[in-house]
Amino acid sequence: MPTEHRTDIFQKVQKMGGLTSAALTATCTHLVTPVVGSGKYHAAKENGIKVVLPGWVDEIYRLGMMTDQDYSDDAKLATKFATPIFAGVSVSVSQASQPQRLEIKTLMMEYGGEYGDDFTRAIANPTGNKYAAAGVWMVPIVRSQWMYGSVKKVLEAYFAFLPFRYCLDYGKYLLEGLKVPGTLVKSKGESLQYAGQEQAALSNVTKECVVCVGEPATVAFIP
C-alpha cells in the first residue's frame with residue numbers, strides 16, 4: 001500500500017478517536033488491506049481479527065462526519081467491506097482442460113481475484129511454459145486445492161452465519177519440492193506472528209478500534 005494511502009488511513013482513524021499500529025498486535029481489532037496472503041493477513045485470520053478493505057475506513061469516516069455514532073463495530077459495514085478471499089490474486093492456468101479453466105476463472109473473479117497471463121499465483125500441472133516461467137520468476141506455484149479449499153471455507157462460514165471469511169495459507173499447498181520465497185513473518189516483540197502451523201497467541205484484547213495496515217505477498221497458482 002502506498003505510504004500516502006497508509007498515512008491517510010491512519011489519520012482518519014485517529015481523527016475518529018481510534019488507535020493505529022504499524023505492527024499487528026493483540027490489541028488490534030481490524031487489519032486494513034486491499035490484498036490477501038501476507039504474514040499479517042494470516043496472523044489476523046488465526047486470531048479472529050477483522051480484515052477489511054481501505055474503503056471501510058473511508059465509509060465510517062464519512063458516516064462519522066454526519067453523526068456522533070460509532071460505526072467501527074457495525075457488523076453490516078464490516079461484512080460489506082471485508083477483504084475478498086482472493087483480493088490481489090491473479091492466476092494463470094497451464095495444461096488444464098477447458099472446463100477446469102472456466103471453473104477456475106469463474107471462482108477467482110467471483111471472490112475478488114483475477115485471471116490472466118500476468119499472474120501472482122499459478123494453477124497448472126508441473127509442465128509447460130507458464131510453469132517454467134513461474135519458477136524463473138520465483139512465483140510460488142500452488143495446487144488447485146488451495147483455491148477450492150478457500151472457497152469451501154467461505155461457504156462453511158456463510159452457512160454458519162460467521163461474518164468474516166479468509167483464504168487458506170497457500171504455503172501449505174505448494175507443489176511438492178517448492179518453497180515460499182522470502183519469509184511470511186517479519187514481526188518481532190509483541191507483534192502477532194504467523195508461521196505455518198504455529199498459531200499466534202492472543203491476549204488482552206481491548207474493545208477499542210485499533211487499526212493495522214497490511215502489506216502484500218507475492219505468489220503463483222497451478223492445478
Side-chain angles (χ1 to χ4, degrees), residues 1-65 67-89 112 120 157 162-171 180 182-219:
M1 184 181 297
T3 301
E4 58 272 18
H5 197 182
R6 183 191 300 260
T7 300
D8 179 62
I9 289 173
F10 279 178
Q11 289 177 343
K12 286 179 177 177
V13 171
Q14 291 164 4
K15 286 180 180 179
M16 292 184 288
L19 301 176
T20 58
S21 172
L24 189 70
T25 68
T27 59
C28 290
T29 58
H30 298 77
L31 173 66
V32 177
T33 176
V35 298
V36 301
S38 69
K40 285 183 180 179
Y41 175 86
H42 289 298
K45 174 187 69 175
E46 295 293 339
N47 290 282
I49 295 173
K50 300 178 179 68
V51 181
V52 294
L53 295 167
W56 173 79
V57 175
D58 296 331
E59 182 65 7
I60 62 173
Y61 182 78
R62 183 186 70 81
L63 294 172
M65 295 295 289
T67 175
D68 292 332
Q69 184 176 343
D70 179 8
Y71 289 92
S72 62
D73 288 329
D74 189 298
K76 290 184 178 180
L77 279 180
T79 301
K80 177 181 179 181
F81 288 96
T83 303
I85 63 168
F86 296 138
V89 177
T120 58
L162 299 176
F164 279 84
R165 297 103 198 204
Y166 306 90
C167 79
L168 299 176
D169 177 6
Y170 72 85
V180 180
T183 57
L184 286 177
V185 183
K186 298 181 180 179
S187 304
K188 297 181 179 179
E190 297 180 354
S191 301
L192 295 180
Q193 299 186 12
Y194 176 77
Q197 297 290 345
E198 299 179 10
Q199 181 170 332
L202 183 65
S203 61
N204 300 322
V205 177
T206 71
K207 292 185 178 180
E208 297 178 18
C209 180
V210 184
V211 171
C212 176
V213 176
E215 56 225 5
T218 302
V219 187

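We're numbering straight along the sequence, starting at 1. Since this is a predicted model, take the numbers as computed values, not measurements.
- Residues Met16 and Ile60 form a side-chain contact, since some pair of their non-hydrogen atoms from C-beta on lies under 4.5 Å apart.
- Counting only residues at least two apart or on different chains, no salt bridge (charged side-chain N to carboxylate O under 4.0 Å, His left out) pair has a member in residues 15-30.
- Minimum heavy-atom separation, Val35 to Thr33: O-OG1, 2.8 Å.
- Annotation for Cys28 and Ala23: closest pair SG-O, 3.8 Å, computed over non-hydrogen atoms.
- For Ser21 (side chain) and Leu24 (main-chain N/O), no donor-acceptor pair under 3.5 Å exists by modelled atom type.
- The two atoms that bring Ile85 and Cys167 nearest to each other are O-CB, 3.1 Å, heavy atoms only.
- Residues Ile9 and Val57 share a closest heavy-atom pair of CG2-CG2, 3.9 Å.
- To the nearest 0.5 angstrom, Ile49 atom CD1 is 7.5 Å from Thr25 atom OG1.
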Q: Apply side chain to side chain contact (heavy atoms under 4.5 Å, CB included) to the pair Val51 and Lys45, showing each step before the final yes or no.
A: CA-CA 8 Å; Val51 181; Lys45 174 187 69 175; 5.9 Å; no

Q: Assess whether side chain to side chain contact (heavy atoms under 4.5 Å, CB included) is satisfied between Thr83 and Val36, documenting all intermediate values.
A: CA-CA 8 Å; Thr83 303; Val36 301; 3.9 Å; yes

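- In this structure, OH in Tyr166 is found 12.0 Å from NE2 in His42, a value given to the nearest 0.5 Å.
- Judged as a ring pair (Phe, Tyr, Trp, His ring centres under 6.0 Å), and not counting sequence neighbours, the contacts of Phe86 are Trp146.
- Applying the salt bridge (Lys or Arg N to Asp or Glu O under 4.0 Å) test to Asp58 and every residue at least two apart in sequence or in another chain returns Lys12.
- Residues passing the salt bridge (Lys or Arg N to Asp or Glu O under 4.0 Å) test with Asp70, sequence neighbours excluded: none.
- When all heavy atoms are compared, the tightest approach of Ala44 to Leu31 is CB-CD2, 4.0 Å.
- Of the inter-residue distances, the one linking Leu77 atom CG with Leu63 atom CG reads 6.0 Å to the nearest 0.5 angstrom.
- Atom NE2 of His5 and atom CG of Asp8 lie 6.0 Å apart (nearest 0.5 Å).
- Contact between Lys40 and Ala22 at its shortest, heavy atoms only, is NZ-O, 2.7 Å.
- Partners of Gln11 by side chain to side chain donor-acceptor pair (under 3.5 Å), not counting sequence neighbours: none found.
- Interatomic distance, OH of Tyr61 versus OG of Ser72, reported as 15.5 Å (0.5 Å rounding).
- Judged as a side chain to side chain contact (heavy atoms under 4.5 Å, CB included), and not counting sequence neighbours, the contacts of Thr67 are Gln69, Tyr71.
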